[in-house]
2 protein chains.
Amino acid sequence: MGIKKIAKLADVSISTVSRVINAPEKVKEETRERVQKIIEENNYRPNLLAKELLKNKTNLIGVLLPRIDVSIFATAVEGVAKTLNEKGYNILLANAREKVEEEIKYFQLFQEKRVDGILFFTTELKDEHIEIIKKIDVPLVIIGQKNRRIDVPSVLYDYYNASKKAVEYLIERGHKKIAFLGVPETNTYLGQLSKEGYLDALEENGISIKKEYMYIGDFAVGTGYTAIKHIIEKSKEIPTAIYAATDHLAITAMHYLYEKGIRVPEDMSIVGSDDMEISKYTNPALTTIKYDYFGAGVQAANLVLDKVEGKSGVLKTVVIDYTLQERDSTKRIK
Amino acid sequence: MGIKKIAKLADVSISTVSRVINAPEKVKEETRERVQKIIEENNYRPNLLAKELLKNKTNLIGVLLPRIDVSIFATAVEGVAKTLNEKGYNILLANAREKVEEEIKYFQLFQEKRVDGILFFTTELKDEHIEIIKKIDVPLVIIGQKNRRIDVPSVLYDYYNASKKAVEYLIERGHKKIAFLGVPETNTYLGQLSKEGYLDALEENGISIKKEYMYIGDFAVGTGYTAIKHIIEKSKEIPTAIYAATDHLAITAMHYLYEKGIRVPEDMSIVGSDDMEISKYTNPALTTIKYDYFGAGVQAANLVLDKVEGKSGVLKTVVIDYTLQERDSTKRIK
DNA sequence: TTGTAAGCGTTATCAC
DNA sequence: GTGATAACGCTTACAA
């Protein structure tokens with residue numbers, strides 16, 4: 001029992017205690033001090049549940065993501081956390097471990113816990129998602145995907161242009177035999193767009209596309225190793241350059257090249273995508289596309305707060321910019 | 001308005017609606033189905049705030065950590081999340097961005113939000129922490145530190161023995177000139193213990209300690225680079241091996257060696273500590289100490305749940321084991 | 001099998 | 001300045 005106990009001890013009504021906490025200026029100094037003292041002596045903390053129930057406002061944002069131990073999500077959440085906390089909101093973290101049923105479960109939970117808004121990080125939008133999202137009337141922002149069947153603000157990465165630019169960068173340096181290490185296309189935005197960027201860059205430069213230079217792996221860390229091994233073993237002509245859709249792919253591919261004595265960048269150029277913290281320190285340092293994941297988190301948080309706080313004219317889709325970080329993993333040839 | 005609306009629409013009392021949700025077997029099938037249908041038609045979700053207020057139980061665990069975008073924390077949180085979710089608990093995430101005031105603020109918030117338990121990940125226990133922790137009567141588990149002034153269950157990593165073992169491993173391979181790349185000692189457990197392990201290993205093997213072989217950096221990613229640069233430039237005799245207290249230190253040190261044309265392991269052996277996902281793919285693959293961070297999260301979650309659910313005989317301190325992952329970054333000499 | 005009503009800990013309205 | 005009281009949306013005796 002909280003405020004009632006304090007009221008009794010201080011010999012005032014609960015309204016006065018409430019005022020001491022929320023509007024101290026409305027209470028006579030003497031009373032205020034007496035009540036304040038008792039609050040501190042008893043280490044009293046107001047029960048926010050009661051307040052939240054009454055006000056129908058929790059200052060809680062549900063953050064749903066596939067995994068937290070993947071740096072692109074962790075970094076974005078860092079941006080989310082900073083932004084939300086500055087504005088007095090907190091995070092209900094839901095780690096769905098890449099299971100759709102878990103995600104659905106969490107959408108229910110978010111509603112029952114009466115979160116003020118939802119940030120949904122995902123690599124895939126399935127029918128089940130669409131269906132439940134249509135029903136939810138809590139402010140929602142999706143990060144990493146977009147679907148025309150639902151009208152929800154999104155934060156997206158410019159994977160298409162980034163990939164195209166990365167491949168053009170290699171082409172400008174004389175490369176024509178360029179391998180592509182990708183991720184599954186179920187992941188519309190990264191999987192599909194990075195592949196399209198690669199294909200269009202080749203096409204626009206009059207380079208014919210070779211299926212044997214393309215390998216679609218998954219998100220497991222070691223995939224790049226398998227991918228480039230496969231390409232090198234199966235190709236008649238070994239490529240002179242690699243474009244990898246993630247830095248994990250690039251770094252683990254480099255490890256295979258190292259094992260085989262294929263030197264980077266002398267024998268093989270490589271461009272990654274992500275710019276993980278560690279990519280600056282690979283040997284050689286990896287040239288890669290840098291996305292502002294932290295900034296994406298900040299923007300997503302701001303988008304959802306705008307909706308929560310009823311600001312009109314909310315921007316619907318934010319596209320996160322990219323930059324090419326030139327380092328030492330590519331070489332000009334011919 | 002929730003349950004009341006449903007009750008009216010179904011022409012039953014709110015208790016019946018409540019029963020349909022919580023104890024359907026107590027309701028006549030016919031009534032149950034009618035109510036259920038109306039619940040679904042209206043997409044009704046019970047308000048957990050009301051229930052939590054009444055029951056004084058939120059099934060929420062406050063997770064306080066310095067940063068989420070550091071793999072050792074993110075991995076541990078993955079373990080925490082899995083364990084908590086399996087048992088029906090959720091995470092209120094508090095990212096304190098390494099500021100003590102923020103941490104204090106979150107301890108307050110946790111109390112006001114009536115979390116059932118708290119998981120406190122930290123690299124440092126200051127007086128302010130001790131003070132507030134003494135006052136809190138919510139079940140609490142500390143991960144990464146221990147202080148004899150407070151009697152709180154802890155999950156610790158066996159940094160001392162792990163470091164000693166890593167250094168002994170180098171000594172067994174003929175190394176006597178071994179550099180140490182450390183982290184600040186304010187971080188009792190990692191900073192101090194890893195240094196002590198290093199010093200004791202040398203001492204017990206009759207190797208004299210050289211100050212010039214030791215460099216205490218910080219947690220920034222690039223520190224290893226600066227550290228080994230400093231040691232190599234200032235030492236009369238260049239060391240033949242390095243033990244680094246984190247993989248970040250090790251990997252960025254390797255990058256410096258690469259730039260200088262110092263070959264690993266031919267000219268310099270190196271052992272790290274953490275076994276990050278990527279460490280298997282450095283060139284050469286990094287020999288390092290592996291800690292089970294995921295398991296630490298699981299154990300911490302279980303500890304706090306045991307306290308929350310009032311199980312007696314709670315284990316007070318859990319020490320997380322380590323293993324040495326032998327890979328290709330060390331060489332036997334002489 | 002179902003309904004009534006008290007109570008969880010607050011805030012807010014209105015009176016004194 | 002201060003106090004009584006209704007209300008927030010639920011669960012749970014207890015009564016019917």
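The chains referred to below are lettered A, B, ... by the order of the sequence lines, with proteins before strands, and numbering in each begins at 1.
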Sub-4.5 Å side-chain heavy-atom contact between B:Leu64 and B:Leu93: no
Centroid-centroid under 6.0 Å between B:Phe107 and B:Phe120 rings: yes
Rounded distance [0.5 Å steps], CD1 in B:Ile72 versus OH in B:Tyr291: 10.0 Å
A:Val35 side chain reached by A:Val12 side chain, heavy atoms, under 4.5 Å: yes
Less than 3.5 Å apart, which donor and acceptor atoms pair up between the side chains of residues 23-32 of chain A and the rest of the protein, not counting sequence neighbours?
unit_1	atom_1	unit_2	atom_2	d
A:Arg32	NE	A:Pro24	O	3.4

B:Ser18 side-chain N/O to D:dT11 phosphate OP1/OP2 under 4.0 Å: yes
Sugar-phosphate, base or nothing in reach of B:Asn56, heavy atoms under 4.0 Å: nothing
Along DNA chain C (nearest heavy atom to each residue), the more 5'-positioned of B:Ala50 and B:Arg34: B:Arg34
Aromatic ring proximity B:Tyr157/B:Tyr293, centre distance under 6.0 Å: yes
Show each protein N/O and nucleotides 1-4 of chain D N/O combination with a separation under 3.5 Å, one pair to a line.
unit_1	atom_1	unit_2	atom_2	d
D:dT2	OP1	A:Thr31	OG1	2.7
D:dT2	OP2	A:Lys28	N	3.0
D:dG3	OP2	A:Ser13	N	2.9
D:dG3	OP2	A:Ser13	OG	3.2
D:dG3	OP2	A:Thr16	OG1	2.7
D:dG3	N7	A:Arg19	NH2	3.3
D:dG3	O6	A:Arg19	NH2	2.5
D:dA4	N7	A:Ser15	OG	3.3
D:dA4	N6	A:Ser15	OG	2.8

Five-pair end axes of the helix from C:dT1-D:dA16 to C:dC16-D:dG1, angle between them (10°): 40°
B:Asn47 side-chain N/O to D:dC8 phosphate OP1/OP2 under 4.0 Å: no
B:Tyr44 vs D:dG9: side-chain N/O to OP1/OP2 distance below 4.0 Å: no
